[in-house]
Amino acid sequence: MTNQQSQEPAKGAAIELRNVTKVYKTQNKGTEVHALRGVDLTVDRGEIHGIVGQSGAGKSTLIRCLTGLEEPTDGEIEVNGKSMIGQGQKDLRRSRTGIGMVFQHANLLDSRTVAANVAYPLKLAKLPKAEIKRRVEDLLETVGLSDRATSYPSELSGGQKQRVGIARALADYPPVLLCDEPTSALDGETTRQILDLLCELRSKLKVTIVIITHEMSVVREICDSVSLLDAGRIIQSGPLEQVAADVRGQLANELVPFPSLEAKDLNLERDSLLDLRFTSTPGNPTGSKVLGLASQLGGDVAAGRFETIGTTQLGRLAVTVERAKVKDAITAFEQEGIVAQEVYL
Ligand SMILES: Nc1ncnc2c1ncn2[C@@H]1O[C@H](COP(=O)(O)OP(=O)(O)OP(=O)(O)O)[C@@H](O)[C@H]1O
């Protein structure tokens, strides 16, 4: 399932951050760390939004601020129309029930069955027994684990444990689900199944999902929109198709990375290596046109990849061109709207 098959999101913002700043004062001589610097972000209801960024970019701080675990130094945060800032503990606890959390590891209670793990937050919330039983059955069916209700976590695969973690996060039927690296510990096939499940949940429960991830494949597979966090700032954000089509942008660069090549397989004594990036939509150059131009310029395609995101096809080619001709080749490609840059291995 992909973002392109998503249903129309319900109108309105589920999450809104305005000018959110977080400054930590470290124990070490009171030095300041600016973890978030004026973050503005809107995630519409029913949307799946990805947040990517390098280690230390501020992703965990953002999540902690969203869940009210951390108070921002400045700015405003609203989740489900309620401010997460300046609330008393009681109100904050109530606001938090509108947010489910899924982590990299499901962190299940090993001594309790699958059903008891899912029931745990509902017991804490003192729901009537019959209601808990009904919800647990419903949630286990939703995540495809009805037949494992009496199993213990040690009897489950990594993917099944993550399903239980998701069911537990949804126990209170929260309108927002925050997922922090939900598939980083899973293999490729299990990742795909968990991503399919998240898409189903969005369609079935109309839940808004924010995924923090370092895997661009996760963003490609299920996100409707994405933000890139860098040193506490959102430096690029938008619908997936829009950021992917911005071939000079950093997100497009990461969504369709340069093919991996080894210098020993190329004749870099004689040739220069070019990184060509382009989109194929009506009015823009198509893949075959780029290949034709490369060959006209005496270039050799060493490797390449094409990805389709929405209605846009993205191409990325590694092309070698004789060193003496590389400047002219770059000019010729750029004149055709193809981003051409020399790269060094
Ligand atoms: N409690 C804290 N006290 C002081 N500095 C902190 C604290 N928590 C985080 N930081 C700093 O804030 C910055 C952002 O950290 P954060 O954990 O939010 O980044 P991240 O993007 O989640 O990184 P990672 O992907 O490695 O988890 C870092 O420089 C970090 O050292």
Side-chain angles (χ1 to χ4, degrees), residues 15-43 48-79 84-87 89 92 95-96 99-107 158 161-162 165-166 169 176-187 191 194-195 198 208-223 225-238 240 243 249-255 257:
I15 295 172
E16 191 131 37
L17 280 79
R18 287 187 292 275
N19 196 27
V20 172
T21 299
K22 177 70 193 177
V23 182
Y24 292 110
K25 286 231 182 339
T26 61
Q27 314 257 353
N28 177 18
K29 295 176 193 158
T31 325
E32 291 188 341
V33 178
H34 292 252
L36 297 175
R37 300 165 187 259
V39 169
D40 290 315
L41 177 68
T42 301
V43 181
I48 301 184
H49 186 83
I51 296 179
V52 296
Q54 293 196 335
S55 180
K59 305 181 298 295
S60 305
T61 303
L62 188 65
I63 285 251
R64 286 203 297 272
C65 288
L66 271 174
T67 50
L69 286 173
E70 201 84 70
E71 179 108 333
T73 314
D74 200 5
E76 183 51 58
I77 299 178
E78 278 184 19
V79 180
M84 300 300 291
I85 294 166
Q87 296 196 41
Q89 281 306 311
L92 194 56
S95 299
R96 276 197 200 131
I99 305 171
M101 279 292 304
V102 175
F103 305 95
Q104 181 175 357
H105 298 284
N107 305 326
K161 282 183 197 161
Q162 194 54 301
I166 292 171
V176 169
L177 194 61
L178 301 183
C179 306
D180 193 356
E181 298 282 1
T183 56
S184 301
L186 305 176
D187 63 38
T191 291
I194 293 293
L195 296 180
L198 291 175
T208 305
I209 300 177
V210 173
I211 301 187
I212 301 261
T213 183
H214 69 276
E215 298 167 296
M216 289 310 279
S217 56
V218 168
V219 174
R220 267 199 312 263
E221 289 258 322
I222 65 162
C223 289
S225 55
V226 59
S227 294
L228 173 62
L229 201 57
D230 182 41
R233 285 197 178 86
I234 290 187
I235 59 166
Q236 207 187 352
S237 185
L240 190 64
V243 298
Q250 197 170 327
L251 278 167
N253 181 35
E254 291 178 27
L255 280 163

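Atoms within each ligand, like the ligands themselves, are counted from 1 in listed order.
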Engineer: For atom 19 (O) of ligand 1, what is the closest protein heavy atom, and at what distance to 0.1 Å?
Structural biologist: Gly58 N, 3.2 Å
Engineer: Once you round to the nearest 0.5 Å, how far does CG of Leu195 lie from CG of Leu186?
Structural biologist: 9.0 Å
Engineer: To the closest 0.5 Å, what do you measure between OG1 (Thr183) and CD (Glu181)?
Structural biologist: 7.5 Å
Engineer: Where does Arg64 meet ligand 1, judged by heavy-atom distances below 4.0 Å: at the side chain, the backbone, both, or neither?
Structural biologist: side chain
Engineer: Under a 4.0 angstrom heavy-atom cut-off, which atoms of ligand 1 come close to Gln54?
Structural biologist: 21 (O)
Engineer: For a quick test of reading the model, state the closest non-hydrogen atom pair linking Gly58 to Leu36 and the distance between them.
Structural biologist: O-CD2, 3.6 Å
Engineer: Who's the nearest protein heavy-atom neighbour of atom 25 (O) of ligand 1, and how far?
Structural biologist: Lys59 NZ, 2.8 Å
Engineer: Quick check on atom 31 (O) of ligand 1 - does any protein heavy atom sit closer than 4.0 Å to it?
Structural biologist: no
Engineer: By number and element, which atoms of ligand 1 are closer than 4.0 Å to a non-hydrogen atom of Ser60?
Structural biologist: 17 (O), 18 (O), 20 (P), 22 (O), 27 (O)
Engineer: Counting neighbours of CD on Gln54 that are heavy atoms of other residues, nucleotides or ligands and sit closer than 6.0 Å, is the number greater than 12?
Structural biologist: no
Engineer: To which protein heavy atom is atom 26 (O) of ligand 1 closest, and what is the distance rounded to 0.1 Å?
Structural biologist: Ser55 OG, 2.5 Å
Engineer: Which is closest to atom 12 (O) of ligand 1 in terms of heavy atoms, Gly56, Ala35, Gly53, Cys65?
Structural biologist: Ala35
Engineer: When you measure from atom 6 (C) of ligand 1 to every protein heavy atom, which one gives the shortest distance, and what is it?
Structural biologist: Tyr24 CD1, 3.2 Å
Engineer: What is the minimum heavy-atom distance between Met84 and Gly68, and which atoms define it?
Structural biologist: CE-N, 4.0 Å
Engineer: Once rounded to the nearest 0.5 Å, what's the spacing between atom CZ of Arg18 and atom CD of Glu78?
Structural biologist: 5.0 Å
Engineer: So, using side-chain contact (heavy atoms from CB on, under 4.5 Å) as the criterion, who are the partners of Val23 when residues are at least two apart?
Structural biologist: Thr21, Glu32, His34, Thr73
Engineer: Any atoms of ligand 1 less than 4.0 Å from a non-hydrogen atom of Thr61? List them with their elements.
Structural biologist: 15 (O), 16 (P), 18 (O)
Engineer: Does the protein put a heavy atom less than 4.0 Å from atom 4 (C) of ligand 1?
Structural biologist: yes
Engineer: With heavy-atom distances below 4.0 Å as the criterion, list the atoms of ligand 1 near Val33.
Structural biologist: 11 (C), 12 (O), 29 (O)
Engineer: For Lys22, check salt bridge (Lys or Arg N to Asp or Glu O under 4.0 Å) against everything at least two apart and list the hits.
Structural biologist: Glu70
